[in-house]
Amino acid sequence: AQKVTQAQTEISVVEKEDVTLDCVYETRDTTYYLFWYKQPPSGELVFLIRRNSFDEQNEISGRYSWNFQKSTSSFNFTITASQVVDSAVYFCALNDYNTDKLIFGTGTRLQVFP
Amino acid sequence: EAGVTQFPSHSVIEKGQTVTLRCDPISGHDNLYWYRRVMGKEIKFLLHFVKESKQDESGMPNNRFLAERTGGTYSTLKVQPAELEDSGVYFCASSRIEGGAADTQYFGPGTRLTVL
């Protein structure tokens with residue numbers, strides 16, 4: 001069965017700290033996609049990144065970076081020099097390649113204090 | 001380009017009543033998905049339309065839920081009669097069909113449904 005685990009329910013940091021959100025997934029598929037979405041207080045889910053299973057290169061986008069490691073089935077997300085605007089719930093998701101549906105983790109609530 | 005829109009943003013109804021949620025996908029997106037998040041739990045898949053056809057409705061909880069997408073544009077999700085456990089946030093997402101690969105799903109702001 002496919003599953004996504006985000007063990008951190010809530011993380012609190014002070015502005016400018018670095019923070020890493022963990023995501024561990026399970027799948028028997030050899031082809032799959034992984035995603036991160038951000039849900040700010042306004043409620044919408046904002047797409048952050050999509051990564052396919054054949055591309056293990058780490059990705060950096062401004063203060064955001066993602067570390068994909070197939071050996072440990074992890075797709076962790078790091079925010080460098082966090083800001084108050086980063087406060088949100090972050091969801092990791094796995095795409096079922098055969099059916100297209102997304103399988104989400106339970107989310108990690110990040111609070112960044114000034 | 002307008003994003004995915006959902007209406008209403010909030011709905012409060014009593015047990016036994018009927019509620020209809022609407023989703024307008026991004027223009028040109030043939031894939032449309034419904035998901036639901038019950039409080040504190042993960043976001044769960046309900047069903048997937050490709051144009052007007054139901055591709056996968058394996059996540060629909062029971063026959064009190066009816067989804068339609070007439071004409072392959074907007075979609076509605078009707079809950080009739082609503083039960084307490086139906087409370088949650090209902091998200092709609094859409095994506096393009098691109099070479100058989102899973103394209104990114106873009107989500108709407110959700111409809112928060114409260115059943116009293």
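We name chains A, B, ... by the order of the sequence lines, and we start the count at 1 in each one. Remember, predicted model here, so these are calculated numbers, not experimental data.
No more than 12 heavy atoms of other residues, nucleotides or ligands sit less than 6.0 Å from atom CZ of B:Phe7. Under a cut-off of 6.0 angstrom, the local environment of NZ in A:Lys70 is crowded, with over 12 non-hydrogen atoms contributed by other residues, nucleotides or ligands. Within a 6.0 Å radius of CD in A:Glu10, other residues, nucleotides and ligands contribute more than 12 heavy atoms. More than 12 heavy atoms of other residues, nucleotides or ligands sit less than 6.0 Å from atom CG of B:Leu116. More than 12 heavy atoms of other residues, nucleotides or ligands shown are found within 6.0 angstrom of CD on A:Glu17.
B:Val115 and B:Met60 end up in the same hydrophobic cluster when Ile, Leu, Val, Met, Phe, Trp and Tyr side chains are linked at under 4.5 Å. No chain of hydrophobic side-chain contacts below 4.5 Å, direct or via other Ile, Leu, Val, Met, Phe, Trp or Tyr residues, connects B:Leu47 to B:Leu66. Note on A:Val89: it clusters hydrophobically with A:Phe35, by side-chain heavy-atom contacts below 4.5 Å among ILVMFWY residues. Under the 4.5 Å side-chain heavy-atom criterion for grouping Ile, Leu, Val, Met, Phe, Trp and Tyr, B:Leu46 is connected to B:Leu32 within one hydrophobic cluster. B:Tyr35 and B:Leu77 fall into different hydrophobic clusters, defined by Ile, Leu, Val, Met, Phe, Trp and Tyr side-chain heavy atoms under 4.5 Å apart, directly or through other members.
Within the model, atoms OG1 of B:Thr104 and CD1 of A:Ile49 stand 10.0 Å from one another, a figure rounded to the nearest 0.5 Å. Here A:Asp100 contributes atom CG and B:Asp56 contributes atom CG; the two are 9.0 Å apart, rounded to the nearest 0.5 Å. One distance of note links CD of B:Gln105 with OH of A:Tyr37; it measures 5.5 Å at 0.5 Å rounding. The OG1 atom of B:Thr5 sits 13.0 Å away from atom CD of A:Glu44, with the distance rounded to the nearest 0.5 Å. A distance of 5.0 Å separates CZ in B:Phe107 from CG in A:Leu102, rounded to the nearest 0.5 Å.
Contact of B:Arg112 with chain A is not made at all, since no heavy-atom distance falls under 4.5 Å. Looking at A:Gln6, there are no atoms closer than 4.5 Å to chain B (heavy atoms on both sides), in backbone or side chain. Only the side chain of B:Ser58 comes within less than 4.5 Å of a heavy atom in chain A; its backbone stays farther off.
Scanning residues 103-114 of chain A against chain B with a 4.5 Å heavy-atom cutoff picks out A:Phe104, A:Gly105, A:Thr106, ordered by number.
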